[in-house]
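All figures in this text were calculated on a predicted structure; none of them were measured in a lab. Read the numbers this way: they start at 1 and go in the same order the structure lists the ligands and their atoms.
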Amino acid sequence: MEPFRLTIAEAAAAIAKNELAPAALAESVFTRIEAIDGKVGAYITVKAKDLAMEQAGRLLTGGQSDRPLYGVPMAIKDNMCIKGVRTTCASKILEKFIPPYDSTVTNKLDEAGYILTGKTNLDEFAMGSSTENSGYFTTKNPWDLSRAPGGSSGGSAAAVAADMCIAAIGSDTGGSIRQPASFCGVVGLKPTYGLVSRFGLVAFASSLDQIGPITKTVEDAAIVLSVIAGGDHKDSTSAHTDIPNYAASLTGDLKGMKIGIPQEYFIDGMDKEVETVVRAAIAEMEKLGAEVVSIKLPHTAYAVAAYYIIATSEASSNLARYDGVKYGLRVSGSDLIDTYKETRARGFGQEVKRRIMLGTYALSSGYYDAYYKKAQQVRTLIKRDFDEAFKLVDVIATPTSPTTAFKIGEKTDDPLQMYLSDIFTISVNLAGVPAISIPCGFDSANLPIGLQLIGRHFNEAAILQAGHAYERHAGWYKRRPSI
Ligand code: GLN
């Protein structure tokens with residue numbers, strides 16, 4: 001098998017057994033990027049191959065047992081800072097921004113021995129569901145190049161699906177890890193809010209943003225999560241809890257696990273093929289010994305509305321820092337105010353401007369109570385729905401997205417349609433609970449379908465265990481796109 005096709009677990013084992021040199025693995029992955037990224041467009045910046053080869057060449061064959069990502073080439077979404085590496089957020093306003101520091105996540109990956117392949121495409125500032133809002137170009141779905149890879153971490157998901165990295169890191173504010181993972185037929189995990197430090201992640205909506213892995217298998221997600229999780233004094237919202245060895249929770253067993261099926265997630269208007277395939281996956285889990293229970297999440301219908309008030313309000317505040325003075329692009333005007341205006345008018349794309357305006361409006365005096373405060377109250381109700389449900393079940397299973405990958409251009413003229421594609425992922429961020437998307441089958445056009453498993457706060461182990469047991473049994477992860 002070509003080394004670029006390996007999972008993290010397989011690559012690490014091959015390196016440890018002296019069967020694969022880190023340099024040979026890097027060579028294989030970078031050659032793959034050269035061969036196909038012209039078609040897919042997953043990367044905004046590819047690391048210079050000679051630098052990567054030099055770095056890999058210094059690593060020993062045989063690995064280092066305390067460094068689980070030793071020699072593993074991984075891609076990072078281009079909204080996380082790496083010292084000296086351009087970080088654009090797919091925005092013109094940060095086109096030339098070179099951060100002087102590392103994010104905590106990439107520091108931890110470094111300590112674990114990873115090799116950076118490059119920075120992947122996204123919707124500008126992670127605002128979108130398709131990468132079509134990138135200020136540079138749209139990434140193509142490796143399963144069908146006329147379709148969107150999902151978003152906003154579309155570049156990371158496409159890079160993993162097309163074997164242009166062994167694994168990748170994404171960020172998820174309303175579904176941006178899980179929905180592209182679902183569209184691209186790979187695994188995407190959004191950890192509990194606070195489990196992974198966001199230091200060095202460019203902020204979109206601070207009460208929702210989380211960083212997580214996009215991988216070929218559930219086992220790989222567990223390996224990466226163990227590396228990146230943990231409290232950090234540089235992120236005051238990070239939780240200082242003990243981090244288990246998540247890979248140890250992959251027992252392959254589902255016996256006695258209670259899985260809840262929320263009726264609100266099987267709605268009119270969702271793709272029938274998605275519903276059939278997801279229901280079949282749940283039936284398989286039942287055969288493996290899980291107990292399936294019908295549950296209610298009654299406030300689900302309000303999640304999209306609450307999210308688009310809260311996320312845009314926080315974004316309007318977070319993005320105030322791009323003023324032409326402190327970071328990136330500066331377009332000089334006749335005076336300071338004019339400079340702010342010119343810089344922001346030229347630097348931000350349409351969707352980012354739309355959200356800044358929406359958020360500023362929602363926070364403005366006279367409207368605050370009607371919109372922002374109301375949305376926060378709804379958020380509390382949504383969180384309580386999950387608290388109640390988790391008194392009855394260990395894990396909740398839903399589709400990740402109501403459809404498979406849509407055509408590029410299909411929803412760009414209708415922002416509301418685009419927002420609705422996040423209907424099954426957003427509640428999870430509002431509640432702060434963890435969720436994973438895993439491949440559970442294909443539609444008749446050979447497009448992947450994702451199963452979402454949601455867990456209690458800080459119980460990543462349960463969704464990893466359930467996802468892994470299903471994945472090994474079903475075997476969808478073995479199917480790869482041909483490009
Ligand atoms: N698609 C959602 C949005 O546009 C979620 C994005 C994200 O998770 N970063 O806001």
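Salt-bridge check for D102 with K83: failed, with every basic side-chain N at 4.0 Å or more from each acidic carboxylate O. A salt bridge is defined here as a Lys NZ or Arg NE, NH1 or NH2 lying under 4.0 Å from an Asp or Glu carboxylate O, and R330 with D323 fails to meet this definition. At a threshold of 4.0 Å, the pair E111-K108 does not count as salt-bridged, since none of the basic side-chain nitrogens sits closer than that to a carboxylate oxygen. In summary, R456 and D394 engage in a salt bridge, as defined by a charged side-chain N under 4.0 Å from a carboxylate O. A salt bridge does not link D385 to K296: none of the charged side-chain nitrogens sits closer than 4.0 Å to a carboxylate oxygen.
Ring centroid separation for the pair F406 and F183 comes in under the 6.0 Å cut-off. For Y265 and F424, the ring centers are positioned less than 6.0 Å apart.
Within ligand 1, counting atoms from 1 as listed, the ones closer than 4.0 Å to a heavy atom of G175 are 8 (O). Every atom of ligand 1 is numbered from 1 in the order shown, and the set under 4.0 Å from a heavy atom of A126 is 6 (C), 7 (C), 9 (N). Close approach of ligand 1 to Y307 is summarised as follows: ligand atoms under 4.0 Å from at least one heavy atom of the residue are 2 (C), 3 (C), 5 (C), 6 (C), 10 (O). Against a heavy-atom cut-off of under 4.0 Å, G174 is close to the following atoms of ligand 1: 5 (C), 7 (C), 8 (O). Contact atoms of ligand 1 toward F204: 9 (N), 10 (O) (distance under 4.0 Å to a heavy atom of the residue).
With a heavy-atom cut-off of 4.0 Å, T173 touches ligand 1 through backbone and side chain alike.
Protein heavy atom in closest approach to atom 2 (C) of ligand 1: D422 OD2, 3.1 Å. Atom 4 (O) of ligand 1 has R355 NH2, 2.8 Å as its closest protein atom, hydrogens excluded (heavy atom only). For atom 7 (C) of ligand 1, the closest non-hydrogen atom of the protein is S176 OG, 2.3 Å.
For G151, no nitrogen or oxygen atom sits less than 3.5 Å from a nitrogen or oxygen atom of ligand 1, counting backbone and side chain alike. For ligand 1, the polar-atom distance check against M127 finds no nitrogen or oxygen pair separated by under 3.5 Å. Taking distance alone, with nitrogen or oxygen atoms compared against 3.5 Å, S171 stays at or beyond that limit from ligand 1.
No side-chain donor from either of T215 and D220 sits under 3.5 Å from a side-chain acceptor of the other.
With sequence neighbours left out, S103 forms a side-chain hydrogen bond (donor to acceptor under 3.5 Å, both in side chains) with T106.
For S152, the closest heavy-atom approach to ligand 1 falls below 4.0 Å. Within the structure, the closest approach of Y308 to ligand 1 falls below 4.0 Å when heavy atoms are considered.
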